[in-house]
Participant: 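Sharing a structure below in structure tokens format, with a few things to ask.
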Amino acid sequence: MRQDIILSGSGGQGLILAGVILAEAAGIVEGREVVQTQSYGIQARGGASQSSVIISDSRINFPEVIQSDILLCLSQEAYNRYSSKLREGGWLIIDQDLVNADVAATRNTRPDLKVIALPFTAEAEKMNRRIVANVMALGALAVLTGAVKPESLAKALPSRLPERNVPLALEALKVGVTLATAQGE
């Protein structure tokens, strides 16, 4: 099984870090084959940012995402830029407050897609740390798609964050898991 994933948004939202955490969870914690790449605009904050992660149970022969199975968008620009790269039957996961995607229209024009809109940034703001929206989104992505186990993300987080930020990130991960679980009910 191979999953091609694009995590996209604006610079400063932590999507490059999210891609690294996802890759580490799949590769180091779960022992699967992984390729992670990233790109971002010339602006440090506010420019386009995306991280591509390929997770496979067998050798990865072509390390580039041409069409994604899973697309996470945390900004309108990301949605506009990458939504056309989502393959048939894929997952489109968006921040419902930052991406103005008409979910009903998307479901009508692309009924093959699994479209999920969740309030990642709004929930992160409730924790007074907007920056943890990326970790919430990873938790939701794990539950919804099965790309990795949420427990694997929890194990990967401490190696990528300052020790003082780990408890908040683990809390954000749990919120993302809860959001996705409630979506499925």
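Values reported hereafter were calculated over all heavy atoms of this structure, with side chains retained and with hydrogens, waters and symmetry mates removed.
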Participant: What are the two closest heavy atoms between M127 and V175, and how far apart are they?
Facilitator: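 Looking at all heavy atoms of both residues, the shortest contact is SD-CG2, 4.4 Å.
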Participant: In terms of hydrophobic clustering (I, L, V, M, F, W, Y; side-chain heavy atoms under 4.5 Å; direct or indirect links), are V20 and M136 co-clustered?
Facilitator: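 No.
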Participant: Can you find a heavy atom in the side chain of F120 that is under 4.5 Å from one in the side chain of L98?
Facilitator: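 Result no, sub-4.5 Å side-chain heavy-atom pair not found.
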Participant: Locate the shortest heavy-atom distance separating A172 from V132; write the atom from each residue and the value.
Facilitator: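 The pair with the smallest heavy-atom distance is CB-CB, 3.6 Å.
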Participant: Side chains of R81 and S8: does their closest heavy-atom pair fall under 4.5 Å?
Facilitator: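 No, side chains not in contact.
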Participant: Evaluate the side-chain proximity of I5 to D69: yes if any heavy-atom separation is below 4.5 Å, no if none is.
Facilitator: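 Sidechains of I5 and D69: no contact.
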Participant: Side-chain donor-acceptor contacts of residues 58-66 below 3.5 Å, not counting sequence neighbours, with atom names and distances?
Facilitator:
residue: R59; atom: NE; partner: N61; partner atom: OD1; Å: 3.4

Participant: Please name the pair of heavy atoms, one in D97 and one in P119, separated by the smallest distance, quoted to 0.1 Å.
Facilitator: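 Nearest heavy atoms, D97 then P119: OD2-CB, 3.9 Å.
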Participant: Should T145 and I93 count as side-chain neighbours, where that means a heavy-atom distance under 4.5 Å?
Facilitator: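 A side-chain contact under 4.5 Å exists here.
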Participant: Look at the side chain of Q183 and the backbone N and O of I116, then say whether any donor-acceptor pair between them is shorter than 3.5 Å.
Facilitator: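 No: the side chain of Q183 does not pair with the backbone of I116.
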Participant: Following the transitive rule for hydrophobic clusters with a side-chain heavy-atom cut-off under 4.5 Å over Ile, Leu, Val, Met, Phe, Trp and Tyr, establish whether V166 and L153 coincide in one cluster.
Facilitator: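 As far as the 4.5 Å side-chain criterion goes, L153 and V166 are connected within one cluster.
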Participant: Using 4.0 Å as the upper bound for N to carboxylate O, is an ion pair formed by E171 and K174?
Facilitator: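 The answer is no: the pair does not qualify as a salt bridge.
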Participant: Below 4.5 Å, heavy atoms only, C-beta onward: do L86 and S68 meet side chain to side chain?
Facilitator: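 In contact.
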Participant: Under the side-chain hydrogen bond (donor to acceptor under 3.5 Å, both in side chains) definition, can you give me all pairs with a residue in residues 16-36, not counting sequence neighbours?
Facilitator: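 The answer is E24-S159, E24-R160, E30-R32, E30-S152, R32-D57, Q36-Q38, Q36-S51.
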Participant: Could you tell me whether R2 atom CZ has more than 12 heavy atoms of other residues or ligands within 6.0 Å of it?
Facilitator: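 Atom CZ in R2 is crowded, with more than 12 foreign heavy atoms closer than 6.0 Å.
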Participant: Quick one: are I55 and L22 in side-chain contact, heavy atoms under 4.5 Å?
Facilitator: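 Yes. Closest side-chain heavy atoms under 4.5 Å.
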Participant: Give the minimum heavy-atom separation between P150 and V143, together with the two atoms involved.
Facilitator: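 Smallest interatomic distance, heavy atoms only, reads CG-CG2, 3.9 Å.
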Participant: Would you mind reporting whether D4 and S52 have side-chain heavy atoms less than 4.5 Å apart?
Facilitator: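 Heavy-atom side-chain distance check fails, nothing below 4.5 Å.
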Participant: Report yes if the side chains of L17 and L161 come closer than 4.5 Å at any heavy-atom pair, otherwise no.
Facilitator: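 Yes, at least one pair of side-chain atoms sits under 4.5 Å.
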Participant: Nearest 0.5 Å, what's the OH-CG distance between Y82 and L7?
Facilitator: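 Here the interatomic distance stands at 11.0 Å.
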